[in-house]
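Structure first, commentary second.
Counting starts at 1 for both ligands and their atoms, in listed order.
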Amino acid sequence: MSSTACVTPSFCRNCTAYCPILVTVDEGRAVRVTGDPEAPAYNGYTCPKGRSLPEQHNDPHRLLRPMARQPDGRHAPVAADRALDEIAHKLRTLVATHGPKSVAIYYGTGNVTNPAGSAMARAFANALGTNLVFSAQAIDKPGANISIALHGHWHAGAQAFETADTWLIVGANPVIAKSNGVPMNNPGQRLKEAVDRGMKLIVIDPRRTETAKRAHVHLQLRPGEDPTLLAGIIHVILAEGLHEPAFVAQNALGLEALSAAVAPFTPHYVAERAGVPEAQLLEAARTFARAVCATGASFGTHGNLSFYLALCLNTLCGRWAREGESAPYPNVLLPPFQPRAEPYAPYPVFGNGQLRVHGGLRESACGMPTAALADEILLGGDEGIKALLCLGGNPVLSWPDQARTEAALKSLDLLVVMDAQMTATAQLADYAFGVPLSLETAGSTSRVEALKYIGATRGFTIPWAQYTPAIVPPPAGSELVEDAAFFFRLAQRMDLQLTLTNVNGYRGHVESPPTTVRLDMAQEPSNEALIEIACAHSRVPLDEVRKFPHGHVFDDVALTVAPRDPACTAMLQLADPMMMADLGDVLRARREILQEGALLMVPRRINRVMNSVGHTLPGASEPYTPAHMHPEDIAARGLAAGQRVTVRSQHGELTAALHVDDTLRPGVVSVVHGFGGRLDDARHTGCSVTRLTAMEEVDPISGLPRLGAIEVTVTPAA
Ligand SMILES: Nc1nc2c(c(=O)[nH]1)N[C@H]1C(S)=C(S)[C@@H](COP(=O)(O)OP(=O)(O)OC[C@H]3O[C@@H](n4cnc5c(=O)[nH]c(N)nc54)[C@H](O)[C@@H]3O)O[C@H]1N2
Ligand SMILES: Nc1nc2c(c(=O)[nH]1)N[C@H]1C(S)=C(S)[C@@H](COP(=O)(O)OP(=O)(O)OC[C@H]3O[C@@H](n4cnc5c(=O)[nH]c(N)nc54)[C@H](O)[C@@H]3O)O[C@H]1N2
Ligand code: SF4
Ligand SMILES: [Mo]
């Protein structure tokens, strides 16, 4: 390290935890990242993904300049201006011939790094006249938003984690994945503190996860039986009168219909069906928890129903932030908002957008139905999608049915990908643009505050905020294009006027009036300027937040929950007809394992990899798609740890490296999402789990197919 090396505070944006970090910068390059001990809210926490930011930034395989596909199929560097000219020309031609809805946009989790990109992408789509904007939310936890539309929500948000006496986590592992169920500022520490002060944690997961190890009750259910189990818990709570009748009477409709719908879900039936001890089920119900669901509850079908029943449970037990309590989601970089102890009524779950495939799937509270996008593209036709602009996503490894995805992307007239890597998806693109990584661009925590709008217990529960300027310059010799700049420059070339719209709230309810900013199309806004626009009406001025480079807890803006507005007539809905019909279906259609010796495959995350990012970095990688199995199941099949195995579903197969895992429920194989590469690429590290999935058992609201509890066989690989 040279004598000029210096240490600068910033925060990691590889996942939504946004951990504060100290970055050692030497000769313009990040060389070391550690947790920031001066950021008290996080206790100096970072994970291996954060500490590998220098490797990520200095990765020799990084996409450093725009690439264009050549006639022979290979990619060659091209100047950004020229690539943008060619793309603008192509889009103009497509729009003139087929209309603006021939153009679609997809943004994935890369949006967490740089939220300005999706905001500008939406402005671009509006100006062009297409509503075909898809995001990863619809292939992640669509039920989170859909359930809120159908049940309603609480003006002041969920009960605070810090003071709750019980907590129920369904299909989430926040100690590792950070993002669901426990406040994100060092969730492992927050959970430990909570359990130490006496919080009773209940975890529903087929695996004894790092989170489940702290549980008072761990219900190690048969995968996919979440709606059954949640209905069973509600059954017990209602049967034993453990709910809060006065709260329910004042704030919710549908108690009788819900009671009737859960009546058949007796403890005996539920325990047997979900494969859990009846005594544990009763103990869980009698502990009265506040429930939060995540991907485990989302992927095994009936995900909307699981999220919906979790909301019902919270309402039955009055587990919302109550009058006089400290408001758990204080706005700092969001506009001022006084939370009240009253409901937000349900609102229409469907929006205006619609596809032609799978019975005409519609836009819903979780956005456009992303999982069906490949089929929509493949349907073709004059009014079909011809161009896809993809930022911060890797559809080849994230959309269901990899073969279908690749066929669809190859069939497009134009595919443009913005990413930091030449990903499996970028390899199919006509143009791929390298983007700056987080240390090379400014950032603020406003996006994480806004996560509360897509679920009940995400984001920060403390008034925490941080701003960071760019810490290092882009790599020497690179020509990187910010996500937002890409859309701005394209709009300039297509004579489009862009207007940024900022909505703070759920689709049906906003916390403050939406704002619009008409951009000066002669002047490209920097990322700093875009952050200023996003925070223009913040409760704490951005300049004030900038005074604290290590971040700050703005205790002075903390609020208590105000009483219900006397004019409020909103009621929560415990028995939405669609959800009650869905519960009826669960009861009637019990799923049986078809094949002798089959296992149920479930998804999971691991600490060192963030979806499809990280397994190729030196020191941050598992060598090959990991598949975890219980030792009994391994022995029964004559398999051995470390061996390559073939995991085969009705739909496809993949090769994985076998790991022994005695924390798993027997009969379950857990495969890590995000590994692999293109189908025909032999160089990569294993196969994508999306090979095992197909557009089958498609949810009629979100369009999400079955991605979990998939019946598979596991055999030695050839
Ligand atoms: N079978 C199965 N399918 C799944 C899942 C599963 O568990 N099983 N999980 C689902 C879930 S929860 C999700 S969220 C989706 C994920 O779906 P995607 O978001 O499509 O996939 P990621 O692998 O997260 O891709 C993110 C990409 O963004 C890039 N990136 C990072 N920062 C930036 C940036 O600032 N700008 C740009 N332009 N790019 C950036 C990264 O290099 C990476 O290539 O997959 C879903 N699909
Ligand atoms: N380290 C790391 N962190 C990440 C990511 C990553 O890839 N790596 N990805 C990010 C993204 S995009 C997301 S969406 C979040 C996901 O965050 P989480 O949803 O917390 O994801 P997981 O850690 O996979 O936890 C899901 C759990 O569900 C369990 N499960 C599987 N099937 C079922 C079932 O049928 N029912 C129930 N009840 N449980 C089931 C699994 O065993 C697993 O423990 O994590 C984010 N953070
Ligand atoms: S948990 Fe890890 S990846 Fe997520 S923000 Fe913190 S250090 Fe970064
Ligand atoms: Mo996700």
* Asked: Does Lys49 NZ have over 12 foreign heavy atoms under 6.0 Å away?
  -> yes
* Does the cation-pi check pass for Arg273 over Tyr269, that is, NZ or CZ under 6.0 Å from the six-membered ring centre and within 45° of its axis? -> no
* Asked: When you look for protein heavy atoms under 4.0 Å from ligand 2, which residues do they belong to?
  -> Lys49, Thr109, Asp140, Lys141, Val170, Gly171, Ala172, Asn173, Ile176, Ala177, Ser179, Asn180, Ile204, Asp205, Pro206, Arg207, Thr209, Leu221, Pro223, Gly224, Asp226, Ala294, Thr295, Gly296, Val602, Pro603, Arg604, Arg605, Ile606, Asn607, Val609, Met610, Asn611
* Asked: Is it true that a side-chain atom of Arg691 and a backbone atom of His651 form a donor plus acceptor pair closer than 3.5 Å?
  -> no
* Between Glu440 (side chain) and Leu437 (backbone), is there a donor-acceptor pair under 3.5 Å? -> yes
* To do: Using ring pair (Phe, Tyr, Trp, His ring centres under 6.0 Å) as the criterion, list what pairs up with Tyr45, not counting sequence neighbours.
  => none
* Asked: With a 3.5 Å cut-off and no angle check, do the side chains of Asp661 and His630 form a donor-acceptor pair?
  -> no
* Structure fact -> Shell check on atom 4 (Fe) of ligand 3: protein N, O or S atoms less than 2.8 Å away are Cys15 SG
* Asked: Pick from Ile202, Leu201, Val195: which one makes a side chain to side chain contact (heavy atoms under 4.5 Å, CB included) with Trp167?
  -> Leu201
* Asked: When you look at Tyr18 and Phe11, which way does the ring pair (Phe, Tyr, Trp, His ring centres under 6.0 Å) test go after all the steps?
  -> CA-CA 6 Å; Tyr18 276 20; Phe11 54 95; 5.3 Å; yes
* **Pairing residues for Glu283 by the side-chain contact (heavy atoms from CB on, under 4.5 Å) criterion, not counting sequence neighbours** => His216, Val217, Thr287
